[in-house]
Every structure is written in C-alpha cells, then in structure tokens.
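Heads up: the structure comes next, in structure tokens.
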Number of protein chains: 2
Amino acid sequence: MESPQNTEEKILDAARQVFHQKGFNGTRMQEIANLAGINKALLHYYFRNKESLFEKVFNETFARITSKMKEIFLSDMALLPKIENFVHFYIHFISHHSYVVHFIINAMYEKPEQLREIIVKQNILPELFLEKIRKQLKDEIGLEIDPLHIYVNILALAIFPVVAKPLLQSIFSLSDDRMAQFFEERKQIVPTFISNALQGYEKSTNVV
Amino acid sequence: MESPQNTEEKILDAARQVFHQKGFNGTRMQEIANLAGINKALLHYYFRNKESLFEKVFNETFARITSKMKEIFLSDMALLPKIENFVHFYIHFISHHSYVVHFIINAMYEKPEQLREIIVKQNILPELFLEKIRKQLKDEIGLEIDPLHIYVNILALAIFPVVAKPLLQSIFSLSDDRMAQFFEERKQIVPTFISNALQGYEKSTNVV
DNA sequence: GTCTATATCGGGATAGAC
DNA sequence: GTCTATCCCGATATAGAC
C-alpha cells in the first residue's frame, strides 16, 4: 500500500494532512516533519518557509474543488439534471472530505489577501458559467432571473451544512451516524427543493 | 459620544473588536491592551488568561445570535411571514456585522471542544422550535417533511453568502457596492425561493 | 540530501514597585 | 488598580557538520 515516495512527496502529503485539519495558524512545522518521518531542517530545505509550503497545498486543494465545479456546470446537460448531478457530487464529496471545506474557509479568514491573489491566478472564468446558467434558466424554465443568486443558492444548500456541521451537531445533539444519514438525505432533498423553487416562479412575477 | 467606562468595560470592548476580527489564534493580547489604552499586565489582572477572556466574549456574542433566532421562530406568526421575517432580519444583521459570523465559524474550527461545552450551557431548546416548524409545515402548508432539513435550508440560504463573502467577491470580481446590493436583493429573493420550494411540494410526492 | 544544534523572536504570563 | 521589567516557552528559521 505504501508507494515508495521521494522526500518532497512525503513532505507534501504530510503538509496536506496537517494543514487540512488545523489550518495555517494551527499547524506546527514540527508536526509535519514528524508525519513525514524527517526533521524540521529538511522541511526548510525543500520549501523555503511555512508560507510557501502552505501556498502549494492550498493551490492544489482549491484547484481540485473548482475544476470539478467548472466541469459540471459547463457540461451540456439540461439544467435540472445538472443541478442534481452537482448537488449529489458535492454533498457526497464534501461530507466525506469535510476537512477540505474547513480548510478553504479557514484560509479565507486567516489569509484573505493571499486567497485573493491565488484566486486571480487560477483563472476560474465565472462569467462563462454564470452566462451558461442564465441561458439555461431562460431557455429551459422560462425564467429571467439573476443567475448569480441561483448559483449562490445552490452552493449554499449543498455546502453550508458541512461548514456548520460541528455547530449543528452540538445544537441538535446529532450522533455521527445521524449526521451521515442527514447528508445522505440531502442528496435527494436539496435538488427537489431547488427544482420546486425554480418551477414555482413560473406562476409568480419575476424578481430582479 | 464617549461613554465614560470603567477599565473592565474598556477591556471587554477592545477584546470583542479584536477577537471578532481575528479569531482566537490571530489575536494578540498586546493589541487588545493597546486598543483599551492600558498594558498587558492589567489584562491579566482582570482576566486570568487569554482563554477566559475569549470565553466571555464568545458567550456574549453567541447568545446575541441565538436569542433572536429563538424569539422569531417561537413567535406566533404564520410560517411564511415568519420565514420572511427571519431571513430579512438575519441577512440585514449579518451582512452589516459579518464579523460575527466569521467569529462563530472561526471559533468552531479553532476551539471545537469549548464550543460544544458552551452550547450545552446555553440551553437553546432546539427540539422546541423544530417541533414548532414541523407543526406549522403540516397545518399551514400540508407538508409532512423533516423540519430539520427545512430549517437548515433556511439558515443556509441566509447565512452562507456571508460566510463565503470574501470568496464570492474574489471569484466574481464584485465591488463592495455590488456586494451590498447583492445582500439587499437577497432579502427579497430568498423568502420567495423558499416559499416557492415549499409550495411546490403540494403536487409532488413527499420525501422523508 | 539529511542530520543536530542553535539562533532568534514573538507572545502569554508573572513579579514586584508604586 | 496600574505600571515596568522580565521570565519563559514554543515555534520558525538557519548554521554547519556529515
């Protein structure tokens, strides 16, 4: 099972694990070194400092999220199946890798300026898929509505419960099993909720 | 404008500001002292250590959020106006005090165990208002559906955009003005979205 | 490339004078 | 109750031998 890795890969693997769990401020270089089976000095030999190691990990992780997002939203599927596909994939992925969401959110608060830079570097082309959503809303559902709000609603319904998981679990006293079941249920509930909402506009006056 | 404060109040005011902006790990006792116009030693005279000062601030802030939540959801309003009221209030409040949301989320990651304790101490009685929502969904809309999901959906749509604000702003290149406008629009859009979704269930088969 | 040892510094906390 | 001075530790980073 252990693929024979070179030192750099071992360091990156370890760094990923620790940064994901504890964020930038919470991470100790010592812990990364221990996990990689080397010492601190060697960390600095491969990566100048903590910042640059973090940046490497962040870039990679963030790209993993956004590339899948682009892939789904720019595909040729019809809108409702597309949303269903997206929600299903994301709830599944993030409920099983909740550290990724925590990690992104954490980075947002701990290093807002760097985050901005990095996002600009990774060209995400948001106009493209906002335009795509806008067109599909109009052509397939007959809705002329700001696609940004719809897009944010979809993200919110899929992602928020993962972000707030510890809080929800404490407040509603939910066991880990119940929580897992909760996320399973949402794969079904969220697309239905969104679909109902979108189709409900047909008979009311449009907003914005 | 300057209300003449005693030292303890000055410290708490300063601590609130800094903790809210920077979270526990990001906060320096020195910065709090400077802002309060005193020195570090005096901080430790009034509050044993950083932990206890933080706990005081957190408790107070968290209670401010949840008490309003209870008030609205346990009131006697009909469900749809209640949701509208809730969404309106929360989007308004948190978009103008986004540090509060950041603060709670941050605390969730930085001090998960303490968060749990504190939540248990503040009796939030979540069963009460889940039951209330369940009853209203049934009586007013004829829906037999898990109120937890609906409740989480409402929270998600209201809160998530604030949580992800820096990210959304970077990705979609939104100016501060455009962002403020965006939140204004949501006061209208979110209740409509939810209302459409709930009424859409009437003619489809129920889930869960 | 990898290690041990150490420099350096920031920051929480305390001692003790006033 | 408020201050100055200082302790002390943890954590990043570097020097230098092998």
Side-chain angles (χ1 to χ4, degrees), chain A residues 2-59 103 106-107 109-115 117-118, chain B residues 2-59 103 106-107 109-115 117-118:
Chain A
E2 297 289 279
S3 59
Q5 299 172 300
N6 63 32
T7 304
E8 186 166 345
E9 282 169 352
K10 278 194 290 190
I11 293 177
L12 276 173
D13 274 7
R16 216 172 297 137
Q17 281 188 54
V18 184
F19 278 132
H20 281 175
Q21 276 179 36
K22 315 204 169 173
F24 183 80
N25 287 330
T27 290
R28 305 294 145 225
M29 294 295 264
Q30 184 64 60
E31 194 173 351
I32 296 178
N34 291 345
L35 202 59
I38 55 157
N39 59 34
K40 283 191 291 178
L42 209 51
L43 283 186
H44 288 88
Y45 175 79
Y46 279 93
F47 300 88
R48 204 170 54 271
N49 52 29
K50 193 180 174 182
E51 288 281 338
S52 66
L53 182 51
F54 179 81
E55 198 174 322
K56 190 112 180 177
V57 170
F58 184 87
N59 259 307
F103 176 67
N106 240 324
Y109 297 129
E110 287 180 337
K111 319 185 80 44
E113 335 71 39
Q114 288 90 324
L115 179 68
E117 283 177 40
I118 292 170
Chain B
E2 297 289 277
S3 58
Q5 299 172 299
N6 62 32
T7 304
E8 186 165 346
E9 281 169 353
K10 279 195 290 190
I11 294 177
L12 276 173
D13 275 6
R16 215 172 299 140
Q17 281 187 56
V18 184
F19 278 133
H20 281 175
Q21 276 179 37
K22 314 202 170 176
F24 182 82
N25 288 330
T27 290
R28 304 294 146 227
M29 294 295 264
Q30 185 65 59
E31 194 174 350
I32 296 178
N34 291 345
L35 202 60
I38 54 157
N39 59 36
K40 280 193 293 177
L42 209 51
L43 283 186
H44 288 88
Y45 175 80
Y46 279 92
F47 299 88
R48 204 170 54 268
N49 53 29
K50 193 180 175 182
E51 288 281 338
S52 66
L53 183 52
F54 179 81
E55 198 175 321
K56 189 112 180 178
V57 169
F58 184 87
N59 259 307
F103 176 67
N106 239 326
Y109 296 130
E110 287 180 335
K111 320 185 79 44
E113 335 70 39
Q114 287 90 325
L115 179 70
E117 283 178 39
I118 292 169

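In what follows, chains carry the letters A, B, and so on, assigned in the order in which the sequence lines appear, proteins first and then strands, with residues in each chain numbered from 1.
- Counted by atom type alone, B:N34 and B:Q30 present one or more donor-acceptor pairs between their side chains at under 3.5 Å.
- Inter-residue side-chain proximity for B:K50 and B:M29 is flagged as met; some heavy-atom pair is nearer than 4.5 Å.
- Summarising the geometry, atom CG belonging to B:L115 is positioned 4.5 Å from atom CZ belonging to B:F58; distances are rounded to the nearest 0.5 Å.
- Checked for salt-bridge contact, A:D13 and A:R16 meet the test: a charged N lies under 4.0 Å from a carboxylate O.
- Taken to the nearest 0.5 Å, the CG atom of B:N25 stands 11.5 Å off from the NZ atom of A:K22.
- The distance between the ring centers of B:F54 and B:F103 falls below 6.0 angstrom.
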**Asked** In the 5'-to-3' direction, what one-character label does each nucleotide of nucleotides 1-14 of chain D receive under the scheme B = base within less than 4.0 Å of a protein heavy atom, S = sugar-phosphate only, - = no such atom?
**Response** BBBB------SBBB
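- Relative to the six-membered ring of B:F24, B:K111 meets both conditions, a distance below 6.0 Å and an angle of at most 45° to the axis.
- For the helix from C:dG1-D:dC18 to C:dC18-D:dG1, the axis fitted to the five pairs at one end and the axis fitted to the five pairs at the other end meet at an angle of 10° (nearest 10 degrees).
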